[in-house]
Amino acid sequence: MSTRTTAFTITYTATPSPNLPTPAAVPMETAAPARVQALAEAGVSRLPAQYIQPPEHRPTPSPSPIAAALSVPVVDLSTSTADDAVRAACADWGAFHVVGHGVPVDLLDAVRAAGLAFFRAPMEDKLRFACDPARGAASEGYGSRMLANDDSVLDWRDYFDHHTLPESRCDPARWPDFVPGYRDTIAKYSNSMKDLAQKLLCIISENLSLPPSYIQEAVGEVFQNITISYYSPCPQPDLALGLQSHSDMGAITLLIQDDVGGLEVLKDGMWIPVPALRDGILVILADQTEIITNGRYKSSVHRAVVNAEHARLSVATFYDPSKSRKICTAPQLVSENEPQKYRDVIYGDYVSSWYSKGPEGKRNIDALLIQH
């Protein structure tokens, strides 16, 4: 099993671009529409009010000794014990690294490099691919705000969201054209992530004594998004989050990151830092898989913290149902001793609730709990 790491840190240059606002041009109370990267590169010394998390949600200064001793499992999919290791990781964590997955490390590096090249480009180039607000929350393109709730605290993050599957939804013309090889890299990466997600869902299904394709068929036609997130250096990282605490909406998420660090998963009430593996892919179980498995495998709550010195990049691939899909618990996993835990849900209704109410941990899936 390989757990090697190679330095691929994003370096941050504090010199403002001539295309970015100066600190004096960024009013603190009206800074929300600005790109986070623009604020950071303009040299703001105080966090705009819209990004300040309430005290109970702020990151802890350092993990407890118990938390520091815990580590997200690493599963080598090329070994004969992989299925058992996946079973244990799903039951105990809901998140785990996979290596030996068959995705070339050169492709992982290429995706990270493409994302970094986009965010290092001049603002006028990036803005040509800005999200269209008329398309609603989480529309495709370059954005900084994903939630529809105007009262929500903003994440210290910019992102580019790509719609890659199904093919009828995929329009590479909406992806950057000024980074050499960008569109081809995203397309290749999308196919590799789809194949890996389906392989993992087969293992997860079989581990629950379900037919191998059960969860994949329950999800139906896959709607896949790839979101590249860029977390700029933050002037007051103890007050902000790059991504607030949440569990993912869909079936399964596959994530890679650079080596800066900042991703944390919630385990037994403690936030556990997730180190990056250059050749590793983090698997995060999402809410619809928890519903289908009747809670035997729980979706993972996670967040991103920021720092004052280094930018951080991550790439998340979301493997989700269509919005018209009805998600139901597998009847094979319901019994007198284990009654059904969650109501059936139309995925589009679930998505609307998630974006309008905000994630806040597992509030959305908890709303589906059946009282017995």
Side-chain angles (χ1 to χ4, degrees), residues 1-6 69-109 111 188-219 222 224 226 247-248 250-257 259 263 265-268 272-302 314-320 330 332-333:
M1 183 188 310
S2 170
T3 57
R4 70 184 186 277
T5 59
T6 300
L70 295 175
S71 182
V72 172
V74 179
V75 177
D76 188 342
L77 292 181
S78 67
T79 65
S80 60
T81 59
D83 288 8
D84 289 340
V86 168
R87 179 188 295 111
C90 286
D92 196 33
W93 283 81
F96 53 97
H97 276 121
V98 290
V99 295
H101 42 63
V103 182
V105 69
D106 288 349
L107 180 56
L108 305 182
D109 287 343
V111 170
K188 290 176 183 176
Y189 188 71
S190 172
N191 289 334
S192 292
M193 292 301 101
K194 179 195 71 172
D195 292 344
L196 179 57
Q198 292 177 346
K199 176 179 180 178
L200 288 163
L201 290 177
C202 285
I203 294 172
I204 292 168
S205 294
E206 289 186 300
N207 281 344
L208 293 168
S209 300
L210 296 169
S213 61
Y214 188 91
I215 296 178
Q216 186 179 330
E217 291 176 1
V219 170
V222 57
Q224 184 171 279
I226 295 176
S247 57
D248 290 340
I252 195 169
T253 301
L254 304 175
L255 183 140
I256 61 173
Q257 53 181 331
D259 63 349
L263 183 66
V265 298
L266 189 64
K267 175 78 165 72
D268 299 332
I272 311 301
V274 180
L277 303 181
R278 180 179 171 229
D279 58 348
I281 298 170
L282 184 70
V283 180
I284 302 174
L285 299 189
D287 290 345
Q288 307 314 304
T289 294
E290 179 167 342
I291 293 169
I292 293 167
T293 65
N294 202 29
R296 293 197 190 182
Y297 293 163
K298 291 183 167 42
S299 57
S300 173
V301 176
H302 51 287
S314 68
V315 185
T317 303
F318 302 98
Y319 186 103
D320 300 340
Q332 300 95 314
L333 303 180

*Could you go through the side chain to side chain contact (heavy atoms under 4.5 Å, CB included) check for Tyr297 and Val86 one step at a time?*
CA-CA 11 Å; Tyr297 293 163; Val86 168; over 6 Å; no

Smallest heavy-atom separation, Ala286 atom then Ser299 atom, equals C-CB, 3.4 Å

### Query
Is the closest side-chain heavy-atom distance between Arg87 and Asp84 below 4.5 Å?
yes

Tightest non-hydrogen contact, residues Asp320 and Ala251, listed as OD1-N, 3.7 Å

| task | Check whether any side-chain N or O of Asn207 sits under 3.5 Å from a backbone N or O of Asp83 as a donor-acceptor pair, and report yes or no. | result | yes

Note to self: Is any side-chain heavy atom of Ser314 closer than 4.5 Å to one of Leu263?
What the structure shows: no

* To do: Answer yes or no: is there a side-chain heavy-atom contact under 4.5 Å between Leu255 and His302?
  => no

Answer yes or no: is there a side-chain heavy-atom contact under 4.5 Å between Leu200 and Leu77? yes

For His97, the ring pair (Phe, Tyr, Trp, His ring centres under 6.0 Å) test, sequence neighbours excluded, returns none

Does some side-chain heavy atom of Val219 sit less than 4.5 Å from a side-chain heavy atom of Gln288? no

Residues Tyr319 and Ala197: closest non-hydrogen pair is CD1-CB, 3.5 Å

dist Glu217:CD -> Ile292:CD1 (nearest 0.5 Å) comes out at 11.0 Å

Between the OH atom in Tyr214 and the CG atom in Leu201, the distance rounded to the nearest 0.5 Å is 13.0 Å

Between Phe96 and Val72, the two heavy atoms sitting closest are CA-CG1, 3.5 Å

- [ ] Flag the pair Thr317 / Lys194 as yes when at least one side-chain heavy-atom distance between them is below 4.5 Å, and no otherwise.
- [x] no

(Q) Does any part of the side chain of Lys188, heavy atoms only, come nearer than 4.5 Å to the side chain of Val111, both counted from C-beta? (A) no

Any side-chain to backbone donor/acceptor pair from Asn294 onto Arg296? Under 3.5 Å, distance only. no

Closest non-hydrogen atoms of Val103 and Leu107, given as atom of the first, atom of the second and distance, are CG1-CD2, 4.1 Å

Next on the checklist: Does either side chain, that of Gln224 or that of Ser190, offer a donor lying less than 3.5 Å from an acceptor on the other one?
Outcome noted: yes

Closest heavy-atom pair, Ala95 versus Ser300, reported as atoms and distance to 0.1 Å, is CB-OG, 3.7 Å

Rounded to the nearest 0.5 angstrom, the NE2-CG distance for His101 and Asp76 is 9.5 Å

Here the gap from Ile284 atom CD1 to Asp248 atom CG, rounded to the nearest 0.5 Å, amounts to 5.5 Å

Only one of Ile281, Ile226, Val98 passes side-chain contact (heavy atoms from CB on, under 4.5 Å) with Leu254, and that residue is Ile281

The single option from Val99, Val105, Asp259 that satisfies side-chain contact (heavy atoms from CB on, under 4.5 Å) with Arg278 is Val105

Open item on the list: Could you tell me if the side chain of Ile215 sits less than 4.5 Å from the side chain of Thr293, heavy atoms only?
Closed with: yes

So CG of Leu266 and OG of Ser247: to nearest 0.5 Å the spacing works out to 10.5 Å

